[in-house]
Amino acid sequence: MVVRRRRTLSGRWLGWVLTALLPGLVQAGTLKVFLLAGQSNMQGQGLVTAKDAAGREKPGTLTAMLADPAKAPLIRHLRTPDGKWVERDDVWVWDINEFGNTKGNLGFGYGWNLGNKEWFGPELQLGHVLKQHITDRILIIKTAWGGRALYTDFRPPSSGGTTGAYYRLMIDTVNRVLGNLKAEFPPYDGGGYELSGFVWWHGWNDFCDPKNAVPEYEQNLANLIRDVRRDLKAPRLPVVIGEFTGPWGADCREPAALAVRRAQSSVAAKPEFRDSVSFVPTRDYVRTEAESPTGEGYHEFKNGETYFLIGDALGRGMWDLLAGTRRPPVKVVVLVGQSNMEGYGAIAAMDKDGKERPGTLTALLADPAKAALVKAWRDDGKPQPLTTISIEASNTNFTDPAPGVPKRLRVDYTVAGRHESKTVDENGAISIAAAPGTVIIDSAAYGDLPDGTKLDVTGAVRRLSDAGLARSRWKVRDDVFVTFGERRGGLSVGYGANKDLFGLELGCGQVLADAWTDPVLVVKAAWGGKSLYKDFRPPSSGGEVGPNYKLLLETVERAIGAMPIDFPALASRRAELAGLVWWQGWNDGVDPKNAVPEYEKNLVNLIGDVRRDLGVPDLPIVVGELTGPWVEVGGEWGDLRRAQAAACDLARHPELKGRVLFVPTHDFVRKESESPGGWPAHEFNNAETYYLAGRAVGEGLVTVMGAK
């Protein structure tokens, strides 16, 4: 068998094109039935041909593609040697919409305008893709009605309320056609049929109801899949969810549209649908209005190339499910904890004399004895000046005029001839947008305390602004991805408590990427000042479940569900929850009467409950040792460390069923004099501490998970 593959014009692989057919899914002679459902886009708005007022072919039609040497190869298989459009008698279509129904061999005419050979939908190329792999005859039943919402019209029975009339009509149509196959398709030989797949491509009318329909979309779509499987008596029916497109493509900024997309992706990521439901991104196939026959953005501008490529993607997604040949999953690792897990490792920090403070990532690079540790992160390209100066109001940058008292930073400056002033509370940051060399810091004061105390920090702010405009770049990995709050992207610096800091993800992600061949997604679920005793309290510990325990579960589910949208490079892969790191303890330590005595019990329960609630009973867990500034410590802090180690002792807690590891991190704590500054509970913002601790927990994960 010879195998070759083709690219789309956007550079993505169109899919495998085989010169010999693969074996059928089951015994030859069984009709393979695929259900396609949705609203007007699933009806099919793609145009085969369309002329302008001057009689010229409009852009974006299949006919226009044939005239383009760069695009013609994509659709050459749709033409016969004598130049006619192909009809396949080995793929049948039964199509219904609000205008009636039609049936016959696969070709044109199954679009919005039923029977009109100038229209087509996703069924066209989907049928061609599936027939490359399936030797048996295929039947596509398409049930699509324009302007119908999942919230009402397709509402599945399990969602409660009134079951949607079009849900019932969809199910009734499938049963009616399958119950009369010989009458509907006389060539049918009575060899039986197999309901082989369900494709859902939909979203516009729910998007138009952001108050009611959008919040329910995920729940309703999950129920739709469950109910369709039940009512069609196909409990493991493979399901492909096509991404809601509209006119936006990859540049979508509509909140309601993004919410529908995330909901669709999240459904496919649910543990119950693992390996049987797939989310297929379609945004890369949307073309602009100028490249299309019409201006109907909600119908993808009726662009024939768009509908052809979406049909191809949906077909490939379905075959991947049927054959079980999807690419290896993305390994998802969750980093959980409080402020230290948020990350307070300093990337760069200047002292009052304009010198780099010790213990920053930048200082490590300048130290011949330590540069090798982090040199992999330095981008040796030409430094790029920033166009935004960020000046953090913190004791890391300025002397503290009144320890423990909230302060403010006020900066007066001149930019492009304009005098401006900005004020921010302590631990916030002032951002000044300006081209390099155009900012003059006139004055700056740190303090504004109730007693009138102020500290003139004009010189320090000038040095900080100069440093901000000349900061070197840091490398970004393209095989490890991070999501933390609203930040997401390739692994690099800047995923700490703010963009000028980093956390365990830097060292941990590097270790994991070097150990595994599959991509890695790091999900950070960390919130400052949170205790295990209260905020993360697991259900099995009794009492009120901690709000951050619930938020942890929501964060992981949301990140996995949105992965194909947040990270297009991962769009064709499913996610596998592969490991979790817990690094926490300070807020339990400050409650020695209640939290410390319960810590071991609560941590054991957390491990068991997280595994249960995330649907991975043997999820590998690494517990990083509580650090802070104490290398040798007793009292409640020593009790906490011992409780963490004891919770990971499988002889003591056999109910945890292995793959739990305690990782010491206290050896990585550096002295205050070796650090940029900051609160002791944040390891003095020492970059070496955070980087080495990250590598240690990463190596721990490799131990409990294995590498390949």
Side-chain angles (χ1 to χ4, degrees), residues 24-40 42-44 46 78 85-131 133-146 148 154 164-201 227-234 237-240 311 314-315 318 322:
L25 296 176
V26 294
Q27 293 295 319
T30 302
L31 181 68
K32 303 302 183 295
V33 181
F34 294 90
L35 170 61
L36 276 57
Q39 53 188 122
S40 57
M42 180 59 93
Q43 284 179 327
L78 299 180
W85 293 108
V86 168
E87 280 197 3
R88 299 195 69 136
D89 61 5
D90 52 358
V91 181
W92 296 330
V93 180
W94 201 100
D95 189 2
I96 184 173
N97 66 25
E98 62 266 33
F99 304 115
N101 71 273
T102 189
K103 59 187 178 181
N105 296 332
L106 178 65
F108 302 135
Y110 301 106
W112 169 78
N113 192 349
L114 282 178
N116 188 320
K117 299 292 186 179
E118 293 181 0
W119 299 73
F120 72 99
E123 76 288 336
L124 180 69
Q125 180 61 5
L126 179 143
H128 279 270
V129 169
L130 292 177
K131 203 66 189 77
H133 306 290
I134 299 172
T135 57
D136 299 332
R137 194 186 302 271
I138 291 172
L139 168 61
I140 295 171
I141 302 176
K142 189 164 74 164
T143 61
W145 299 273
R148 302 304 190 267
F154 278 103
Y166 289 87
Y167 174 86
R168 292 195 297 268
L169 185 54
M170 173 179 65
I171 298 298
D172 291 346
T173 297
V174 174
N175 286 330
R176 185 172 67 254
V177 173
L178 295 181
N180 296 278
L181 282 172
K182 186 65 177 176
E184 298 290 350
F185 298 96
Y188 173 64
D189 60 7
Y193 67 83
E194 175 186 87
L195 193 56
S196 301
F198 174 38
V199 179
W200 176 257
W201 191 37
D227 291 354
V228 164
R229 286 173 165 179
R230 181 199 63 214
D231 293 342
L232 293 179
K233 298 178 175 57
L237 182 66
V239 177
V240 164
L314 297 176
M318 179 58 70
L322 295 171

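Just so you know, these numbers come straight off a predicted model, no measurement behind them.
Atom-to-atom distance recorded for T135:OG1 and K32:NZ is 7.0 Å, nearest 0.5 angstrom. Separation of atoms CG (L35) and CD1 (I140) is listed at 10.5 Å; rounding is to 0.5 Å. To the nearest 0.5 angstrom, L232 atom CG is 4.0 Å from I171 atom CD1. Atoms CD and CG, from Q125 and L314 in turn, are 10.5 Å apart once rounded to the nearest 0.5 Å. The line from CG of L31 to CG of D189 is 8.5 Å long, rounded to the nearest 0.5 Å.
In plain terms, the two heavy atoms of L78 and L124 that are nearest each other are CD1-CD2, 4.0 Å. Across all their heavy atoms, M42 and P122 have their closest contact at O-CD, 3.7 Å. The two residues A234 and L195 make their nearest non-hydrogen contact at CB-CD2, 4.2 Å. Considering all non-hydrogen atoms of both residues, P238 and L322 come closest at CG-CD2, 3.7 Å.
Under the 4.5 Å side-chain criterion, counting only non-hydrogen atoms from C-beta, N97 is not in contact with K142. Side chains of L36 and T143 form no contact here, defined as non-hydrogen atoms less than 4.5 Å apart. Using a 4.5 Å heavy-atom cutoff, the side chains of L106 and E123 are in contact. The shortest distance between side-chain heavy atoms of F198 and V240 does not fall below 4.5 Å. M318 places a side-chain heavy atom less than 4.5 Å from the side chain of L130. Residues I138 and K131 form a side-chain contact, since some pair of their non-hydrogen atoms from C-beta on lies under 4.5 Å apart. Within the 4.5 Å cutoff, the side chain of I96 has no heavy atoms near those of the I141 side chain. Counting heavy atoms from C-beta outward, V199 and F34 have side chains that stay 4.5 Å or more apart.
Shown here are the side chain to side chain contact (heavy atoms under 4.5 Å, CB included) partners of D89, two or more places apart in sequence or in another chain: N105. Evaluation of the salt bridge (charged side-chain N to carboxylate O under 4.0 Å, His left out) rule for E98 yields no partner, not counting sequence neighbours. In this structure, the side chain to side chain contact (heavy atoms under 4.5 Å, CB included) partners of R176, at least two apart in sequence or on a different chain, are W94, T173, N180.
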Could you walk me through whether D227 and Y167 satisfy the side-chain hydrogen bond (donor to acceptor under 3.5 Å, both in side chains) test, starting with their C-alpha distance in whole Å, then the side-chain angles of each, then the deciding distance to 0.1 Å, before giving a yes or no? CA-CA 10 Å; D227 291 354; Y167 174 86; 4.8 Å; no

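Side chain of Y166 to backbone of Q39: no donor-acceptor contact under 3.5 angstrom is found. Using a distance-only test at 3.5 Å, with no hydrogens or angles considered, no donor-acceptor pair links the side chain of K117 to the main chain of G115. A distance-only check finds a donor-acceptor pair linking the side chain of R148 to the backbone of G146 [under 3.5 Å].
A ring-ring contact (aromatic ring centres under 6.0 Å, His included) with F99 is found for one member of W145, W112, W119 and no other, namely W112. For the ring-ring contact (aromatic ring centres under 6.0 Å, His included) test with W92, the passing option among Y193, F185, Y110 is F185; the others fail.
D90 has no carboxylate O lying under 4.0 Å from a charged side-chain N of R137, or vice versa, which leaves the two without a salt bridge.
The aromatic rings of F108 and W85 sit perpendicular to each other, their planes meeting at more than 60°, with 30° as the lower class boundary.
The environment of K233 atom NZ is sparse: at most 12 non-hydrogen atoms of other residues, nucleotides or ligands sit within 6.0 angstrom.
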